[in-house]
Each structure stands twice: as structure tokens, then as C-alpha cells.
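The sequence lines fix the lettering, A, B, ..., with proteins before strands; numbering per chain opens at 1. As the structure is a prediction and not an experimental result, all values here were calculated from the model.
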2 protein chains.
Amino acid sequence: MATPESGATLESVAFAAGVSRQTVSNVLNAPERVAPETRQRVEEAIQALRYRPNRSARSLRTRMSNLIGYCVQPALAGNINPVLDRFVHAVTEYAAEHGFHLLLFTAPAGSAGLDRYAELLAQRAVDGFLLTDTVVGDPRPGWLTEQGVPFVAFGRSWSGPDRGRWVDVDGAAGMTEAVEHLHALGHRRIAFIGWPEGSGVGDDRVAGYTAACLRLGLDPRVVRAEGTVDTGRALAGALLDGADPPTALVCVSDLSAYGALRALADRGLRPGPDVAVVGFDDTPAARLPGVDLTSLSQPIEQIGREVVQMLLGLLGVVELPPGPEHRLLRPTLVVRASSRPAGSAPAAPTEAR
Amino acid sequence: MATPESGATLESVAFAAGVSRQTVSNVLNAPERVAPETRQRVEEAIQALRYRPNRSARSLRTRMSNLIGYCVQPALAGNINPVLDRFVHAVTEYAAEHGFHLLLFTAPAGSAGLDRYAELLAQRAVDGFLLTDTVVGDPRPGWLTEQGVPFVAFGRSWSGPDRGRWVDVDGAAGMTEAVEHLHALGHRRIAFIGWPEGSGVGDDRVAGYTAACLRLGLDPRVVRAEGTVDTGRALAGALLDGADPPTALVCVSDLSAYGALRALADRGLRPGPDVAVVGFDDTPAARLPGVDLTSLSQPIEQIGREVVQMLLGLLGVVELPPGPEHRLLRPTLVVRASSRPAGSAPAAPTEAR
DNA sequence: AATCCGGATTTGATCGTTCAACACGTCGAG
DNA sequence: CTCGACGTGTTGAACGATCAAATCCGGATT
């Protein structure tokens, strides 16, 4: 059996079904306009010839490529990659349900990268963009809005006028939950290991921490440095060695938290029973035995769905969800040994891998 | 200043330059056919109008979409993700140099997923495919070859006739290097923690270990289980508690190695000085302080380049590299504390992040 | 009986590009 | 002097789909 003519066209299907081009086209795009009987005949011909509309031809005519541009960042050395990985998968899946696909490209950070976006638009290669890793002073939301280009961001626009639609994780709420969790366990001296001021994400998270402390009558105590394991280790070490050492450490990211865990180990302290540690992102390493880090997990799949829905709404493919232009989703706290008192839940139920 | 007419076409450029469509087209696709003077005039018009050829129209005519299909797997819970992340980035970058882009899609594993590939082909949405995570009995290479579809795999075809082109990491060579490294450090009882027989990747790696042992006059000793942290911990524990315990453990993956590290910690043994541990993949967690795992790092960027080059060669876009149909690249051993004797290189030079 | 209506289907034009063939002038060889 | 080759540039036709308007036809209206 030969490959069933890899080149079926509207015309060939039409001929096989004894109708005209347009009728076949209607069967696919506006079935209600075709009489049931003819429709069936056409559908059989489509099956028989394994016909699928040619995407280039359709795009040329309709001026829609059914492709969504997505910029893959120069991998930040194992930072938030796992999160983005799941995000991309979720987005790809939801987009496919509506006949859309992701088109990947790379671009330098900042306004130097805007040409790449412009290039794809000029070529009409994409219908819109999905942004991730929006940062303070990110030129993309403003520029895309000016150009009238449909886009949705995973991550709010952190500065300037709040432009375009976005979905984001409520880091502040997550950190508040972390503090409340620790407070409920009896901790009263809870410190925060953060990033330098000026990063939108970091400032949001520290704000949640501070607010929770104030509400619970605790003294907020924030130290900051670049978010590497080594700095986390140093900051935590300084806190633990200083006067009035904290009994719990809330960290702006898992990476900082790994550093904090290391600082505990350096001093013979047990994470959990002696000093509690909480991270953010729930990276794969967090669940490793021997690490067992309590962390805030982002609802990535849901974000993926919402982002796709918004973008397809802007493109007129689905009905634009009536809600607000922005969506803030709460992360969920995954409690592991690093924030459990001694003896509680000794052998955690085996987590999936 | 308004948006410079977002809709420049060949025709409008031709009018501006006082030539015909085809001449403009030639300036772009076959400049040598155009007289230098006219060429310059046309190029100026192109600049002025910010003209970029419409991709759909070009695709329709040339029957090339300039898109490469790439299937994103349902994230395997933090397994080899970081590796694939870097791979995708590298591929995207190299492909872009030739005007190609990656188109993402999802598909169920096994032959159930072949429809998704077929669908994209029927729509002429992609010119070829890039495969990753090829497994034993993978139907894709055979099917694509039968259909005459251009593709290149990252990962050899592990069973059946060896079809199509691929680039892969020489796991056996890597494991051999690991054994030699440990042997040079004085280790004589080196055990291997592997996966169950039947996985191509796992069998390849154990083969390299076994060969090296035999060549060095060591007794190969292989234990196997599913490659999770917990099983790694259990297997390593059994070895360490058994008769004639090994002084070094070579692990089929970082995940198993993390389990092995945990088993050492359970028994108060120090990784490195007491028992050496080596993993595979150099996952981000390997470099965390407190983990510091010696591991084999895959040359992902190079694989990305080679894979793209081969595929574009098959598509006739670049000259097909004259070499063999397959390329095996050696991983490099990254030595960290888990395989260093006591006191050597006390404070490792700060690794990047 | 002539008219109108509306659902079902068809026809021509078009999206923007490249391919194939052809027109034009010049130049060198026979 | 004629012919063919060559360098340069043009024109018509296609690629395969959708849009917009035209056509067809049976049945209800007047």
C-alpha cells in the first residue's frame, strides 16, 4: 500500500466527492452551510484521501499563521528552568487543542532583542507572542502594545504603565503562607533571605513576608544578596552566627534555600527540628532525599492554560474570557522535612520520583 | 511617525524601485543575477519600506515551511529536563542562522503518537523532525524513514535496523573514563549502579563500565533497579553493608547517584574520602554545595549544532556534511568532591553559580 | 402564473511569492 | 551578415486555500 497520495488538495477532494472546492472548504470551516447529505459525502472523500488543509495556503489567505512566538532564554544555568519546561509543555498542549503551535526563537535581552520580534511580525510568521521572564524595565510589553501586537505575559509588567494582559504567581501570598505556616509551628524569629532590591519578583516576595510578619506581630528581618547557593549560604551563616539568631529562614528561591541548608549543615544544625527553611519554586532537587526542602510550588499547568486562553482570546479564536486583564494565581506550599519539627511524619510517603 | 506600513510586498517594493516583482525577488534569492546598480536601488527600497518576504506565501510556492517539528515530552519530573532545555536553546539558535525555526508539538509515546507527526506532514507545517529521547523499540525512526521524511535524532536508534541519521553521547566511553579516573585514584573495588536491562542508554553505559573493569583487571560488579533516588539509595546501601564492600560507586545517572550519596550519609561515610561516587548528566543539583557530585557532562551545545547541520543538510539547505551518518560525542568528566580523596583541593574554585 | 425568498452550491478573484519562459540588446564567432 | 550565447529584466502562471458575489432551484407568496 503506497503512501495515500501525500498531496491531496481541496480540488482533488472536491472532484472525488463530486462537488466544488468551496463546498469542501465549507464542510471544514462552516459545516452548517452544507446539506447533511453532501457533507457526509465530502467527509468520506476527505477520509479516503487523508486530506489536511495546507497550512501555508490557508495562512496566506487568512493572514493568520496559527503560530505563537515564544522566546527561549539563554538557559540560566539550572535556575528556573524546570518551571519553564513544564510551562512550555502545558502551553504547547493547550494551544494544540485550537490548532495553534509554538514557534521558538532566541533574542538578546532588553531592547536589543526587539528586532527579532519585529522580524517575525514583518514576515507574518506569528500571530502573537507569549512572554516569560518579564523583568523591571522590560521594553517588550510597551513596545508590543504600541505596535498593536497581541501578546500575553507569564509575569506582570513590573514597571511603568501596566500594559497588556498577564498571568502571574502571587509571590507575596505564597510568602505570607510560608510565614503563617512557620508561625503555626511556633516559630517567632523568622528571617528572610532575599535578592537585592529592584527585581520585581524579589520585591513582591519580600513584601508578602513583611506584611505577614507585621500582621502576626513579628519583627521582619530581611537580608539580601544575589540569589546563588553560595550567597544564600553566606547570608544564612551570618544570621545564625549573629545575635538573636532566627529559628526559621524564608528564602526568596530554592537556590538561596539550598545555600541556607548548607549553612545549617556547616554548623551541625538539623533543618526542621533546629532551624526551619522554606524555599520557592519547588525545583526538582527540593524533593531529593537529604534535601527535603519545604517550598512553594507554582501552578504551572494552570498558568499555561490561562495564558493560552487569553492569547487566543485576543486573536479572536476563542471567546475572550470576561475576567480582568490580569490573573494572579496562588502558589501552594509543599511541606517537607526542612520545616517539620522533630519526630513528626518520620518517613514521608514516597513522593513520586 | 506611524508604523512604516506593516504591509510591504514585493510589488510595492518593485514599484518604489522602478523595477518588476521578479527583480526584487532575485535581489533576495539570487543577487548575482541582478546588475549591481539596480540591486542597490532595490536594496534601498527594501530598507525604506522595511520589507520582509511573507513566509506563508513563500512556503506555499516553494513547498518548504522552514519549520522543524520538535516533540516536547511530558516532563519526566525533573529527570533529564535541564539537558533538554539547553539542547532546545542551542538548536533554536543554530537553526535561526539559516532562517529555520522550531515548531513545538506534543504526542503520546510509542506508535500512538505517530498521527501527530503525520498530521503536521500532511498540513505541510514542517519540513522535517528532530527527535529526542529515542528508546528501544521506538517506532519513529523506522516510520519516518519509510515515509521518506527528513529527520535527525539526538539518540541512536537502539533496536532493529539502524535507520536515519543521529547524533549521540558515547555513554560507554564516559563510563570508561569514570572507571579509569577512579582506578587512578587507587580504587580497586568499583561497583556499578544501573538500570534494569533493556534500556538502550543504560545498557550502553554499563557496557563501558564493564569493558574498562576487564581491561584494568578489576571485577565488574553490577546491580540494577529503576533509576530513582530511592532505589539508588537502596542498592548502594546493600552494597556497602554486604561482604567486600566497594570503595567506589559508578552510577548510571545523577539520580541514582543522589541516592548513593544518601546511602553514604546514612552510614556516616564521607563521599570522596571514604567512598567515591560518580554520576551521569551533570544535572544542576550536582554542583550544589553539599552535593558536589562528580558527573559526566554531555556536550549539548555541540550536539545541537551537529543535529541542526545534519537536518539542514538533508533538507538541502546547507551542504550535507560528508562524514558518516552517525556521530558519537564523548561526554567530559567533571570532577567534584564526591570523588576526591581527603584533603585534595579543599575549597574548590567557585564554580559558576 | 409571475414573483420573491432563502438555503445550497458554484464561480471568479485574491493573498504574496517563486518558477518557467520569454523579450531585449549586445557581443563574438563563423 | 547572420546566428547563437549571454546578461538583464520582464510577464504569465502557478502554489492551495478563503472571501465575496453570483447562480441555481424548489416552495411559499401574491
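- Taking the 5' to 3' direction, DNA chain D first and last meets chain B under 4.0 angstrom from a heavy atom at D:dT8 to D:dG16.
- A distance of 10.0 Å separates CD1 of B:Ile303 from CG of B:Leu328, quoted to the nearest 0.5 Å.
- The line from CD of B:Gln302 to OH of B:Tyr94 is 8.5 Å long, rounded to the nearest 0.5 Å.
- Contact of the A:Leu144 side chain with the A:Leu131 side chain is registered, since non-hydrogen atoms from C-beta on lie closer than 4.5 Å.
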Protein-proximity profile, nucleotides 14-24 of chain C, B/S/- by nucleotide at the 4.0 Å heavy-atom cutoff, equals BBBBBB-----
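- Each end of the helix from C:dA1-D:dT30 to C:dG30-D:dC1 gets its own rotation axis from five pairs of C1' atoms, and the angle between them is 60° to the nearest 10 degrees.
- B:Thr9 OG1 to B:Tyr51 OH: the interatomic distance, rounded to the nearest 0.5 Å, is 7.0 Å.
- Put simply, the side chain of B:Asp138 does not reach to within 4.5 Å of the side chain of B:Ser157, judged on heavy atoms.
- Among the protein residues, A:Thr38 comes within range of the sugar-phosphate backbone only, with heavy atoms under 4.0 Å from sugar or phosphate atoms but none that close to a base.
- Annotation: ring pair (Phe, Tyr, Trp, His ring centres under 6.0 Å) contacts involving residues 106-133 of chain A, sequence neighbours excluded, comprise A:Phe105-A:Tyr117, A:Phe105-A:Phe129, A:Tyr117-A:Phe129.
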For residues 27-35 of chain B, tabulate all N or O donor-acceptor pairs below 3.5 Å that involve a side-chain atom, not counting sequence neighbours.
unit_1: B:Asn29; atom_1: OD1; unit_2: B:Arg58; atom_2: NH2; d: 3.4
unit_1: B:Asn29; atom_1: ND2; unit_2: B:Ser25; atom_2: O; d: 3.3
unit_1: B:Asn29; atom_1: ND2; unit_2: B:Ser25; atom_2: OG; d: 3.3

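- B:His98 meets the ring-ring contact (aromatic ring centres under 6.0 Å, His included) test with no other residue; sequence neighbours excluded.
- Remark: side-chain polar atoms of A:Thr134 are paired, donor with acceptor, to backbone N or O of A:Arg156 under 3.5 angstrom.
- For CD of A:Gln40, the number of neighbouring non-hydrogen atoms (other residues, nucleotides, ligands) closer than 6.0 Å is 12 at most.
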